[in-house]
K.L.:
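Structure incoming, see below.
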Amino acid sequence: MKSKANIGIALVITFAVTLVTGIILHLKSHGIIAQPRGVLKTFHWIFGYAMTALLIIHWAQFQKMLDALKKKFRWFYVDTWLLIILFIATLLTGTVKLLTPIKIPHLGLWHYGFGIAMSITAIIHLVRGLPSWNKMRKICRK
């Protein structure tokens, strides 16, 4: 149980760093360039891929529980699946952007849009799942 709570905390931290650095990097399209840009990009990539690894672990830990909640907590189930789809879209557009040697028009904007949509659904997912997470943390302390 304690490892699930620790994964959750690490996931929230990597999510927050990835979100903040992504927004700072996006400000370039509005004429605001934060420096050192290369360092910010590196942090965004590292924390984004760390978040990916943590999400895979988190999914493995809670997949059976999510399936069990499907009928009773429909909105949480739907939000979680929307989050998964948006995460995959964000991951794919970011990875293509990172690995493609040429600039693909509007790919960064698609990545940013998917990232913001994913962040909103992640916050909803967190708020809806937080009561259960607090119970799990209390059990772990005993």
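What you see below is based on every heavy atom in this structure, not just the backbone, and it leaves out hydrogens, waters and symmetry mates.
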K.L.:
Is it possible for you to say whether Leu126 and Val78 belong to one hydrophobic cluster, with membership spreading through side-chain heavy-atom contacts below 4.5 Å?
P.N.:
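Each belongs to a different hydrophobic cluster.
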K.L.:
State yes or no: do Leu109 and Leu107 share one hydrophobic cluster built from I, L, V, M, F, W and Y residues joined by side-chain heavy-atom distances below 4.5 Å, directly or via other members?
P.N.:
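No, because Leu109 and Leu107 fall into different hydrophobic clusters, even though each may have its own neighbours under 4.5 Å.
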K.L.:
Just checking His30: does its NE2 atom have more than 12 heavy atoms from other residues, nucleotides or ligands closer to it than 6.0 angstrom?
P.N.:
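Yes, enclosed.
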K.L.:
If you round to the nearest 0.5 Å, how far is CG of Asp79 from CD1 of Ile120?
P.N.:
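Here the interatomic distance stands at 11.0 Å.
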K.L.:
Residues in side chain to side chain donor-acceptor pair (under 3.5 Å) with Thr42, at least two apart?
P.N.:
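Once residues adjacent in sequence are excluded, Thr42 has no partner under the side chain to side chain donor-acceptor pair (under 3.5 Å) criterion.
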K.L.:
Does a side-chain heavy-atom distance below 4.5 Å link Ile123 with Phe15?
P.N.:
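In short, these two side chains touch, coming nearer than 4.5 Å.
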K.L.:
State the CD1-CG distance between Ile13 and Leu54, to the nearest 0.5 angstrom.
P.N.:
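Nearest 0.5 Å value for the CD1-CG distance: 9.5 Å.
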K.L.:
Taking a hydrophobic cluster as the set of Ile, Leu, Val, Met, Phe, Trp and Tyr residues connected by side-chain heavy atoms closer than 4.5 Å, whether directly or through intermediates, do Phe76 and Met65 fall within one such cluster?
P.N.:
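They do share one cluster, since a chain of ILVMFWY contacts under 4.5 Å joins Phe76 to Met65.
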K.L.:
Contact between Ile33 and Gln35 at the side-chain level, heavy atoms closer than 4.5 Å - yes or no?
P.N.:
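A side-chain contact under 4.5 Å exists here.
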K.L.:
Just wondering, are more than 12 heavy atoms of other shown residues or ligands nearer than 6.0 Å to CZ in Phe43?
P.N.:
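Atom CZ in Phe43 is not crowded, with 12 or fewer foreign heavy atoms closer than 6.0 Å.
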K.L.:
Return yes if a side-chain donor-acceptor contact under 3.5 Å exists between Thr93 and Tyr112, otherwise no.
P.N.:
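Looking only at side-chain atoms, Tyr112 and Thr93 do not form any donor-acceptor pair under 3.5 Å.
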K.L.:
Using the rule that Ile, Leu, Val, Met, Phe, Trp and Tyr join whenever any side-chain heavy atoms are under 4.5 Å apart, tell me whether Ile32 and Ile116 fall into a single cluster.
P.N.:
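As far as the 4.5 Å side-chain criterion goes, Ile116 and Ile32 are not connected within one cluster.
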K.L.:
Could you check Leu86, Leu19, Ile84 and say which one makes a side-chain contact (heavy atoms from CB on, under 4.5 Å) with Met118?
P.N.:
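It is Leu86; the other options fail the test.
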K.L.:
Would you say Lys28 and Arg37 make side-chain contact, with heavy atoms under 4.5 Å?
P.N.:
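In contact.
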K.L.:
Quick one: closest heavy-atom pair of Phe87 and Met51, and the distance?
P.N.:
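Reported closest heavy-atom pair: CE1-CE, 3.9 Å.
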K.L.:
If the condition is side chain to side chain donor-acceptor pair (under 3.5 Å), which residues does Trp81 pass it with, not counting sequence neighbours?
P.N.:
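Side chain to side chain donor-acceptor pair (under 3.5 Å) list for Trp81, sorted by chain: Tyr77.
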K.L.:
Carefully, step by step, assess Phe114 and Trp110 under the rule ring pair (Phe, Tyr, Trp, His ring centres under 6.0 Å).
P.N.:
CA-CA 6 Å; Phe114 284 135; Trp110 279 99; 5.7 Å; yes
K.L.:
Could you work out the complete set of other residues in the hydrophobic cluster of Leu40, with links drawn between I, L, V, M, F, W and Y side chains under 4.5 Å apart?
P.N.:
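Cluster partners of Leu40: Val20, Ile24, Leu25.
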K.L.:
Can you measure from CG (Asp67) to NZ (Lys70) and round to the nearest 0.5 angstrom?
P.N.:
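That separation rounds to 5.5 Å.
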K.L.:
Please report the interatomic distance CG(Leu83) to OG(Ser119), rounded to the nearest 0.5 Å.
P.N.:
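Nearest 0.5 Å value for the CG-OG distance: 9.0 Å.
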K.L.:
Set out, in order, the CA-CA distance, both residues' side-chain angles and the distance that settles side-chain contact (heavy atoms from CB on, under 4.5 Å) for Val39 and Lys41, then state yes or no.
P.N.:
CA-CA 5 Å; Val39 172; Lys41 282 183 174 184; over 6 Å; no
K.L.:
Could you tell me which non-hydrogen atom of Ala50 sits nearest to which non-hydrogen atom of Thr14, and how far apart they are?
P.N.:
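Between these two residues, the closest heavy atoms are CB-CG2, 4.2 Å.
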K.L.:
Which distance, rounded to the nearest 0.5 Å, do you find between the OG1 of Thr18 and the CG of Leu11?
P.N.:
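So the OG1 of Thr18 and the CG of Leu11 are separated by 9.5 Å.
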K.L.:
Got a second to check how far Leu91's CG is from Thr95's OG1, nearest 0.5 Å?
P.N.:
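If we round to the nearest 0.5 Å, Leu91:CG and Thr95:OG1 are 4.0 Å apart.
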K.L.:
What are the two closest heavy atoms between Thr80 and Leu66, and how far apart are they?
P.N.:
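Scanning both residues completely, I find the closest heavy atoms to be CG2-CD2, 3.6 Å.
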K.L.:
Give the ring-plane orientation class for His58 versus His125, where under 30° counts as parallel, over 60° as perpendicular and anything between as tilted.
P.N.:
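Correct class here is perpendicular.
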K.L.:
I'd like to know if the side chain of His111 reaches the main chain of Gly94, judged simply by a donor and an acceptor atom lying under 3.5 Å from each other, with no hydrogens or angles considered.
P.N.:
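Yes: the side chain of His111 pairs with the backbone of Gly94.
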K.L.:
Between Trp45 and Leu98, is there a side-chain heavy-atom distance shorter than 4.5 Å?
P.N.:
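Result yes, sub-4.5 Å side-chain heavy-atom pair found.
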K.L.:
Is a side-chain donor or acceptor of Arg128 paired with a backbone partner of Trp75 at a separation under 3.5 angstrom?
P.N.:
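Flag set: sc Arg128 to bb Trp75 pair under 3.5 Å.
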K.L.:
For the hydrophobic clusters of this structure (ILVMFWY residues joined by side-chain heavy atoms under 4.5 Å, transitively), does one cluster hold both Ile124 and Val127?
P.N.:
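In one cluster with Ile124: Val127, yes.
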